[in-house]
*Asks:* 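Got a structure for you, questions after.
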Number of protein chains: 2
Amino acid sequence: MTTPAIITHSMNIMMMVTRTKLFPMTSVGIRSTKQRTAVSAALNELEDFRSTQEIHEYLKERGDSVGLTTVYRTLQALSAAGEVDVILREDGESVYRLCSDAHHHHLVCRQCGHTVEVEGPTVERWADSVSAEHGFTDVSHTLEIFGLCANCSAVSH
Amino acid sequence: MTTPAIITHSMNIMMMVTRTKLFPMTSVGIRSTKQRTAVSAALNELEDFRSTQEIHEYLKERGDSVGLTTVYRTLQALSAAGEVDVILREDGESVYRLCSDAHHHHLVCRQCGHTVEVEGPTVERWADSVSAEHGFTDVSHTLEIFGLCANCSAVSH
DNA sequence: AACGAACTTGACACTCATTTTCATTTAGAG
DNA sequence: CTCTAAATGAAAATGAGTGTCAAGTTCGTT
Ligand SMILES: [Mn+2]
Ligand SMILES: [Mn+2]
Ligand SMILES: [Zn+2]
Ligand SMILES: [Zn+2]
C-alpha cells in the first residue's frame, strides 16, 4: 500500500501548479516585467521560507539576475497583496514563502527550514474570543511553531 | 461598588512586588552592578513592551544613566535567563517586558502598546499535538495577538 | 510599427538597530 | 587592601532594509 514514486511525482507537479502565483498585475498601472516573473518563478520553486537575500542569490545562480532592490520591492509587494506569506525569523529577518490561500500557520524546522502548513480552527476561535473579552478590535495574530523536523531529529541522535 | 483608589494603589504595589525580577547573579562569575540594578528597576516600572532604546532613554531621564551597549547586553541576558519576555515587533525590533512566570501569550495594542497577558490551555495542547503528528521534536511556539485596545478603538471613532 | 507617458529598474548612498572592539573601571573573593 | 576576572561604555563596524534618481521598459495610443 506504499504510494508509488510516480504518483508522488505527479502530486508534486500538481502542487507546484496549485502554488503558482504571479505578481499582481491586475490593477491598472501595474506592469509585467521579467524581473517580477523571475521572482515569482523562484518562489514557486522554493519550498521553504527564504530571505530576500537568499532569493536574490538563488536568482543569480539560476541565471535570472535581478537587482537586490527590486527583489526587496517585489517580495514586499507580493506580501502586501497577500500573495505570499512572511514571517519574522528569530533574528528579525523577514522570510517569504508561497503558501496556500487559506488562513493557516506554520510548523518550521529551525535546523533545515522545512515547513509544514497547519490549521487550527480552535485557535482561531480562541484568539477571537479573548480579543473580544478585552475589548480589542481590528485584531490579527501571529502563530508559528518552531522545532526539529523528523529528519533533523533523527540525525542529531 | 467602585474600587477605592487606596485599594487600587495597594494592588499596584503588590503587583510591582510580584513582578520584581533582578538580574540573575546566582551563578558564580556573575556580578551585581548598579547598571543591572537600574535596568531591572526600569523594567519593573514599565508596564508595556519597550525597546532597548526606549529603556535606555527612560533610564537617562530618570537619572540612572547606563550605556546603551550595557542596556542591550543586560536585556539580552535577562531574556536568555527567562526573566523577561521578548517579542519581535512587526518592524523586527525586539521589545522587552517583565511578565509573570507562567507560560502565557500577549494581546498587544499596536497603537499605544498596552499589553494584556492571556492564557490558552487549548492552544498549548493543539500546538503539542500538531507538532507530534508531524514528527517534530524540541518544539516551542510564538503566539501574539495584535489589535486596537478598547481605549484606542474608542478614540479612532 | 512607432511614440511617449508612466512605470520600473538597479547602482549607490544612506539609515538605524544591533554588534564588536578595546581601553578603562569595578565587584568581590581571598 | 589587593588582585584579577567581569563589566562598562565610547567609538567603530556591521548589515538588513530604504531613498534617490538617471536610465531602461512596458503598453496603450496613434
Ligand atoms: Mn490563525
Ligand atoms: Mn503557548
Ligand atoms: Zn529539519
Ligand atoms: Zn491602545
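Just so it is clear, the values below take in all heavy atoms, side chains as well, and ignore hydrogens, waters and symmetry mates. Per chain, numbering begins at 1; letters A, B, ... match sequence-line order.
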*Asks:* Would you say the side-chain atoms of B/Glu144 pair up with the backbone N or O of B/His106, donor to acceptor, closer than 3.5 Å?
*Replies:* yes
*Asks:* For A/Ser32, which contact category applies under a 4.0 Å heavy-atom criterion: base, sugar-phosphate, or nothing?
*Replies:* sugar-phosphate
*Asks:* Can you tell if the side chain of B/Arg110 reaches within under 4.5 Å of the side chain of A/Ser140, non-hydrogen atoms only?
*Replies:* yes
*Asks:* Nearest-Å distance, CD (B/Glu54) to P (C/dC16)?
*Replies:* 15 Å
*Asks:* Rounded off to whole Å, could you give me the CG-to-P distance for the A/Leu59 and C/dG10 pair?
*Replies:* 11 Å
*Asks:* Provide, to the nearest angstrom, the distance between the CZ atom belonging to A/Phe23 and the P atom belonging to D/dT26.
*Replies:* 14 Å
*Asks:* Counting only N and O atoms by type, is there a donor-acceptor contact under 3.5 Å from the side chain of B/His56 to the main-chain atoms of B/Gly67?
*Replies:* no
*Asks:* Can you tell me how far P of D/dC27 sits from CE of A/Met25, to the nearest Å?
*Replies:* 8 Å
*Asks:* To the nearest Å, how far apart are A/His56 NE2 and D/dG15 P?
*Replies:* 17 Å
*Asks:* Over how many whole Å does the gap from A/Glu57 atom CD to D/dG15 atom C1' extend?
*Replies:* 16 Å
*Asks:* Is B/Glu124 close to B/Glu119 at the side-chain level, that is, under 4.5 Å between some pair of heavy atoms?
*Replies:* no
*Asks:* Ignoring backbone atoms, establish whether A/Thr33 has a side-chain N or O less than 4.0 Å from OP1 or OP2 of C/dT9.
*Replies:* yes
*Asks:* Counting only side-chain N and O atoms of A/Gln35, is one of them less than 4.0 Å from OP1 or OP2 of C/dT8?
*Replies:* no
*Asks:* With the threshold set at under 4.0 Å for non-hydrogen atoms, list the residues of residues 70-93 of chain A touching DNA chain C in residue-number order.
*Replies:* A/Thr70, A/Arg73
*Asks:* Less than 4.0 Å between a side-chain N and a carboxylate O, is that true for B/Arg97 and B/Glu117?
*Replies:* yes
*Asks:* Is there a path from B/Val139 to B/Trp126 through hydrophobic residues (I, L, V, M, F, W, Y) whose side chains come within less than 4.5 Å of each other?
*Replies:* yes
*Asks:* Evaluate the side-chain proximity of B/Arg50 to B/Glu57: yes if any heavy-atom separation is below 4.5 Å, no if none is.
*Replies:* no
*Asks:* Grab the CG-P distance between A/Leu68 and D/dG17 for me, whole Å please.
*Replies:* 9 Å
*Asks:* Taking atom CG as the centre, does A/Asp48 end up with more than 12 heavy-atom neighbours from other residues, nucleotides or ligands that are less than 6.0 angstrom away?
*Replies:* yes
*Asks:* In degrees rounded to 10°, what angle is found between the helical axes fit to the five outermost pairs at each end of the helix from C/dA1-D/dT30 to C/dG30-D/dC1?
*Replies:* 30°
*Asks:* Strictly under 4.0 angstrom, non-hydrogen atoms only: write out the protein contact profile of nucleotides 1-6 of chain D, one letter per nucleotide from the 5' end, B, S or -.
*Replies:* ----BB
*Asks:* For A/Gln111, does the CD atom have more than 12 heavy-atom neighbours from other residues, nucleotides or ligands under 6.0 Å away?
*Replies:* no
*Asks:* For the residue pair A/Phe136 and B/His114, does the interplanar ring angle fall in the parallel (under 30°), tilted (30 to 60°) or perpendicular (over 60°) class?
*Replies:* parallel
*Asks:* Work out which heavy atom in A/Pro24 is nearest to a heavy atom in A/Leu78; give both atom names and the distance.
*Replies:* CD-CD2, 3.7 Å
